[in-house]
Amino acid sequence: MIIIKTPKEIEILREGGKRLATVLYKVKDMVKPGISTWELDKYAEKLIKDMGDEPAFLNYRPEGADFAYPASLCVSVNNEVVHGIPNKGKILQEGDIVSLDLGLKHENLFTDMAITVPVGEISKSSTKLIEVTEKALIVGIDMACGGNRVGDIGNAIENFVRRHKYGIVEVLSGHGVGRAIHEDPYIPNFGKANTGVKLTLGMVIAIEPMLNNGTKNVVLDKDGYTFRTADGKKSAHFEHTILITEGEPEILTKI
Ligand code: MG
């Protein structure tokens with residue numbers, strides 16, 4: 001069921017999105033060679049709690065999962081696509097790329113955001129992968145106008161990415177968000193124009209392209225959460241929470 005948010009809820013989501021973006025960019029500033037993914041997680045958690053909010057992913061148990069997610073932040077390094085579990089022993093190295101995915105609950109409403117950032121100096125191919133993935137998100141957001149359909153978003157992302165020959169992850173997708181961290185509808189990063197659910201005023205969705213520098217195929221780790229590229233090549237991920245209006249989409253996860 002698609003939940004249309006009330007004007008009051010939209011106000012709260014706007015504030016939550018701003019707080020989430022503020023936290024995530026602060027965590028981004030901590031990324032450097034030698035820091036552990038665990039330290040990034042603890043920092044994100046502290047910033048969120050200090051504001052009186054709650055991390056949305058901590059103890060979240062997705063359908064079918066054997067255990068709840070044990071951290072606030074998803075930290076996915078290099079060939080990890082999404083849902084990497086922070087670990088004290090996992091130290092970022094010069095040349096890595098790292099996806100930081102964070103959800104925040106503010107006054108009982110959820111927003112969701114991800115960025116991929118370089119660790120120190122990175123290769124040209126990694127830089128390009130990050131740039132194209134961020135651009136793919138913008139291309140998708142541009143289609144999230146009231147009156148368009150979900151398929152228009154995926155179609156625009158797919159058409160844009162095709163010229164770069166990256167693999168678009170298909171088994172994971174964007175989603176509605178707001179009263180829960182994952183709501184209907186799914187927002188795939190591929191698809192046919194003018195198909196799927198119609199976007200209407202008050203819908204709130206997370207758009208989140210995941211692009212691989214190789215095959216689109218991913219494998220799930222034994223830890224039950226971490227998705228990796230099947231060929232071991234690097235992957236990047238960007239996400240914003242978006243409000244559908246009657247006209248241009250509004251990015252809620254911004255400072
Ligand atoms: Mg998400």
Side-chain angles (χ1 to χ4, degrees), residues 2-3 5 13 16-21 23-25 27-28 40-41 44-45 48 53-65 68-76 80-86 98-106 109-117 133-134 136-141 143-144 150 153-154 157 168-191 197 199 203-212 218 220 224-228 235-244 249-254:
I2 293 167
I3 300 164
K5 276 71 186 184
L13 287 164
K18 190 174 163 186
R19 289 173 178 225
L20 174 55
V23 170
L24 198 56
Y25 291 131
V27 176
K28 174 189 178 184
L40 296 176
D41 173 56
E45 185 179 328
I48 289 174
D53 294 324
E54 285 173 53
F57 301 159
L58 183 62
N59 298 321
Y60 173 70
R61 188 166 169 181
E63 235 180 79
Y69 189 75
S72 299
L73 186 67
C74 295
V75 190
S76 308
E80 296 169 351
V81 179
V82 287
H83 307 163
I85 301 174
V98 55
S99 152
L100 307 170
D101 188 355
L102 189 63
L104 181 141
K105 185 180 176 187
H106 171 67
L109 294 172
F110 296 89
T111 49
D112 195 358
M113 179 182 180
I115 53 177
T116 299
V117 299
T133 309
E134 186 166 22
L137 171 59
I138 301 301
V139 164
I141 291 171
M143 292 307 285
V150 164
I153 296 172
I157 292 172
I168 301 176
V169 176
E170 293 179 353
V171 298
L172 298 156
S173 71
H175 49 91
V177 61
R179 290 191 204 162
I181 191 70
H182 293 123
E183 294 177 355
D184 290 338
Y186 285 108
I187 314 286
N189 295 298
F190 61 96
V197 170
L199 301 171
M203 280 176 69
V204 176
I205 58 172
I207 303 177
E208 51 176 323
M210 290 150 265
L211 302 188
N212 300 343
V218 297
L220 181 60
Y225 278 97
T226 312
F227 282 93
R228 295 174 186 276
S235 184
H237 173 216
F238 280 84
E239 174 177 28
H240 271 306
T241 298
I242 306 296
L243 169 68
I244 307 301
E250 179 182 337
I251 297 175
L252 297 176
T253 40
K254 65 160 194 242

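Read the numbers this way: they start at 1 and go in the same order the structure lists the ligands and their atoms.
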Visitor: Got a donor-acceptor contact below 3.5 angstrom from the Ser235 side chain to the Leu211 backbone?
Guide: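 Side chain of Ser235 to backbone of Leu211, a donor-acceptor pair under 3.5 Å: yes, one is there.
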Visitor: Are Leu102 and Ile48 packed together at the side-chain level, in the sense that at least one heavy-atom pair is separated by less than 4.5 angstrom?
Guide: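 Answer yes - side chains close enough.
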Visitor: N/O/S of His182 less than 2.8 Å from the Mg ion (ligand 1)?
Guide: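 Not a single backbone or side-chain N, O or S atom of His182 is under 2.8 Å from the Mg ion (ligand 1).
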Visitor: For the Mg ion (ligand 1), find the closest N/O/S atom on Glu208 and give its atom name.
Guide: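 Going through the N, O and S atoms of Glu208 one by one, OE2 ends up nearest to the Mg ion (ligand 1).
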Visitor: Does the side chain of Thr116 reach to within under 4.5 Å of the side chain of Ser99, using non-hydrogen atoms?
Guide: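 When only atoms from C-beta onward are counted, Ser99 and Thr116 do touch, with a gap below 4.5 Å.
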Visitor: Restricting to N, O or S atoms, which atom of Asp112 is closest to the Mg ion (ligand 1)?
Guide: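 Of the nitrogen, oxygen and sulfur atoms in Asp112, the Mg ion (ligand 1) lies nearest to OD2.
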Visitor: Check Glu239 and report its N/O/S atom nearest to the Mg ion (ligand 1), by atom name.
Guide: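 Of the nitrogen, oxygen and sulfur atoms in Glu239, the Mg ion (ligand 1) lies nearest to OE2.
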Visitor: Under a 3.5 Å threshold, yes or no: a donor from one side chain and an acceptor from the other, between Asp112 and Thr241?
Guide: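 Not at all, the side chains of Asp112 and Thr241 share no donor-acceptor pair under 3.5 Å.
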